[in-house]
Amino acid sequence: MNDLTVAILAAGKGTRMKSATPKLLFEAAGRPLGTWPVATALALRPARVVVVVGHGRDGLQEVLRARFPRAPLVFAGQKEQLGTGHALRCALPFVPRSARRLLVLCGDAPLVTPDPLRRLLAVGRRRPVAMLTSVVGDPAMYGRVLRDERGRVVRIVEHRDATPQLRLVREVNPAVYVFDPAWLRSAIGRLRRGNAQGEFYLTDVVELAAGTSRGVADLRVPFDDLRGVNNRAELAEAEEALLDRIRRTWLVAGVTIRAPHTVRLEADVRLARDVEIGPGAQLLGRTTVAAGASIGAGCILRDVAVGKNAVLLPYVVATESSIGPGARIGPFAHLRPKSSIGREAHVGNFVETKNTVMHPGAKANHLAYVGDGDIGRRTNVGAGTIFCNYDGFGKWRTVLGEDVFVGSDSQLVAPVTVGDGAYVASGSTIVEDVPAGALAVARARQVVKPGYAGKLRAKLAARKARQRK
Ligand code: UD1
Ligand code: MG
């Protein structure tokens, strides 16, 4: 829409968050809060989106530019936070003269969808102001919408300025407006700060518009998607609503989610058909899961790529890693960053991997630390094996060829290489390279003393008897 500009008010301090972090940089479903309304605004294809920034502006600008690199975003600075009316005034110099309609949203309303905005734009043609309103059960701290005896909107009263009588009004202002920019330019200078907060209220513009011959247009919509986030309780509620939407999208797209309300799927997660997700799982960041894979109960995956038909048994914790098709992981496995688990490889319970490549078919099934390693195809890492990758100063690599067998309870002291097909005896401490096809035994030779067990018991019993006396 070439004649449409959107302004997003995002300069406020967010005092009620009680935080050193600016409000709009708080995460909601895996994305900074302030990115949500911007995404919705861009869905309307406006000629320009002017974001008013002030408190925490550098962080917010950076986040928005990174998220929407090619979008027609412009930033307008508001040095002092003198209120929503002042914020919009700061945006006006950046609104192109060709703009016929100016849609205004608040940066702290992450749930807004394009639909009510499109409808408001249709209603607002040729009016100085069109605004959304909602009737709610509990009007909380929202501005109240006052109408005259003919039902026309005449004014908005902020909660803090409202008398007990006016606070009973249950029609509230979601703070979504469409302005005629030319009219707004002439009106906005008339705002005054004579109110409870000593601020220039954008809401006062509504009264100015109501006094014109063309008046105020309004559109009543359900409030659920229009809630603002002003404190952490509201953030938690808004996030839950976003997560619910995301879960619903994937359910409808062919993903099975058990006990959906316990599952966290962040906004940038991508899932294919016939993925199955167990209760309490959390898929975070840019995690992707290919068709037919299953993610067990309680798994926590951040920035992980899971391949087709892979099986993650319960309680796998994985970060910045990839899991190949048909691989089997867990239960209780820990994949730390840069673990690359190949096709049909196995990582079993109480195994920790880090910066390690496990080639297709490799296995580490029980109780192992596999750090800074390269494990060849079909190689088996026995129970209790430790890759000793750290000498207190640097990290070193352990390289195992293909079809290697590492017996249980072995230590591989890196840097060390074991050649293809070699065999490491259980309980070995390997400090030197093992050539392909060799057997390495690095432990004390076993001593067997026939019949000695009886003698040993007698000796120990006598000692215990002496100690009792
Ligand atoms: C505002 C409305 C209220 C409405 C509610 C809906 C006013 C005076 N009140 O109240 O009627 O019911 O939204 O959520 O408009 N901001 C700036 N610069 C400022 C002040 C605020 O950019 O100087 C931005 C904030 O970052 C925020 C938005 O404007 O994104 C709204 O500000 P906020 O302080 O949250 O207003 P509310 O008290 O929620
Ligand atoms: Mg607010």
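Numbering starts at 1 and runs along the sequence shown. Whatever order the structure lists ligands and atoms in, that order sets their numbers, starting from 1.
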Nitrogen or oxygen atoms of Glu80 and ligand 1 under 3.5 Å apart: no

statement: the protein heavy atom lying closest to atom 39 (O) of ligand 1 turns out to be Asn230 OD1, 3.5 Å

Any N or O of Leu9 closer than 3.5 Å to N or O of ligand 1: yes

message: Tell me the closest heavy-atom pair linking Pro46 and Pro72, and the distance in Å.
response: O-CG, 4.0 Å

- request: Take the angle between the ring planes of Phe350 and Phe332 and call it parallel below 30°, perpendicular above 60°, tilted in between.
  value: parallel

query: Hey, does Glu234 sit under 4.0 Å from ligand 1 if you only count heavy atoms?
result: no

task: Would you check, one step at a time, whether the test side-chain contact (heavy atoms from CB on, under 4.5 Å) holds for Leu243 with Leu265?
output: CA-CA 7 Å; Leu243 291 173; Leu265 303 176; 5.7 Å; no

- request: Look only at interatomic distance and state if Ala11 has a nitrogen or oxygen under 3.5 Å from any nitrogen or oxygen of ligand 1.
  value: yes

message: Within the 3.5 Å criterion, strictly below it, is a donor on Asn195 or Asp161 matched to an acceptor on the partner's side chain?
response: no

message: Can you report which non-hydrogen protein atom sits closest to atom 13 (O) of ligand 1, along with the distance?
response: Ala175 CB, 3.8 Å

query: Looking only at heavy atoms, which two atoms of Arg147 and Asp218 are closest? And how far apart?
result: NH2-OD2, 2.8 Å

- prompt: What pair of heavy atoms forms the shortest contact from Ala91 to Val50, and how long is it?
  reply: CB-CG1, 3.9 Å

message: Is there a side-chain contact between Glu320 and Val304 in this structure, where contact means two heavy atoms from C-beta onward sitting under 4.5 Å apart?
response: no

- request: Give a yes/no verdict on whether any heavy atom in Val172 is under 4.0 Å from an atom of ligand 1.
  value: no

- request: Please name the pair of heavy atoms, one in Leu191 and one in Leu208, separated by the smallest distance, quoted to 0.1 Å.
  value: CD2-CD1, 4.4 Å

task: Output yes when the distance from some N or O of ligand 1 to some N or O of Asn173 is under 3.5 Å, and no in every other case.
output: yes

- prompt: Any idea which protein heavy atom is nearest atom 17 (C) of ligand 1, and the distance to it?
  reply: Gly12 N, 3.4 Å

- request: Could you establish whether Glu199 and ligand 1 come within less than 4.0 Å of each other, counting only heavy atoms on the residue side?
  value: no

task: Quick one: look up the protein heavy atom nearest atom 7 (C) of ligand 1 and list residue, atom name and how far away it is.
output: Thr84 OG1, 3.4 Å

task: Before signing off on this row, confirm whether Cys106 and ligand 1 have an N or O atom pair separated by under 3.5 Å.
output: no

query: Under 4.0 angstrom from atom 3 (C) of ligand 1, is there any protein heavy atom?
result: yes

statement: Listed as residue and atom, the protein N/O/S atoms under 2.8 Å from the Mg ion (ligand 2) are Asp108 OD2, Asn230 OD1

task: Among all protein heavy atoms, pick the one closest to atom 14 (O) of ligand 1 and tell me residue, atom and distance.
output: Tyr142 CE2, 3.5 Å

Within-4.5 Å side-chain heavy-atom neighbours: Met17 and Leu235: yes

message: Test your reading of the structure: does Tyr201 have an N or O sitting under 3.5 Å from an N or O of ligand 1?
response: no

- request: Looking only at protein heavy atoms, identify the closest one to atom 36 (O) of ligand 1 and say how far it is in Å.
  value: Arg16 NH2, 4.3 Å

query: How far is atom 23 (O) of ligand 1 from its nearest protein heavy atom, and which residue and atom is that?
result: Gly83 N, 2.8 Å

- prompt: Would you say the side chain of His159 lies within less than 4.5 Å of the side chain of Arg144, judging by non-hydrogen atoms?
  reply: yes

task: Tell me, please: is Gln78 in heavy-atom contact with ligand 1, that is, under 4.0 Å?
output: yes

- prompt: Is ligand 1 under 4.0 Å from a heavy atom in the side chain of Lys23, in the backbone, in both, or in neither?
  reply: side chain

field: Test item: side-chain donor near acceptor, Gln81 and His55, under 3.5 Å
entry: no

Residue Ala10 vicinity, atoms of ligand 1 by number, heavy atom under 4.0 Å: 22 (O), 26 (O)

- prompt: How about Phe94 and Phe75: are their ring centres within less than 6.0 Å of each other?
  reply: no

Between Asp372 and Trp396, a side-chain donor and acceptor under 3.5 Å: no

message: Among all protein heavy atoms in this structure, tell me which lies nearest to atom 11 (O) of ligand 1, with the distance rounded to 0.1 Å.
response: Glu158 OE2, 2.6 Å

- prompt: Of the non-hydrogen atoms in Pro279 and Ala259, which two are nearest, and what is the gap between them?
  reply: CB-CB, 4.0 Å

Min heavy-atom dist Val52 to ligand 1 below 4.0 Å: no

- line: Distance col, row Leu102:CG vs Thr5:OG1, nearest 0.5 angstrom, shows 6.5 Å

message: Are any of the N/O atoms on Gly143, whether in the backbone or the side chain, positioned under 3.5 angstrom from an N/O atom of ligand 1?
response: yes

- prompt: So, Asn230 versus Lys23: side-chain donor-acceptor pair below 3.5 Å or not?
  reply: yes

query: At their closest point, which heavy atom of Arg214 faces which heavy atom of Pro128, and how far apart are they?
result: CB-CD, 3.6 Å

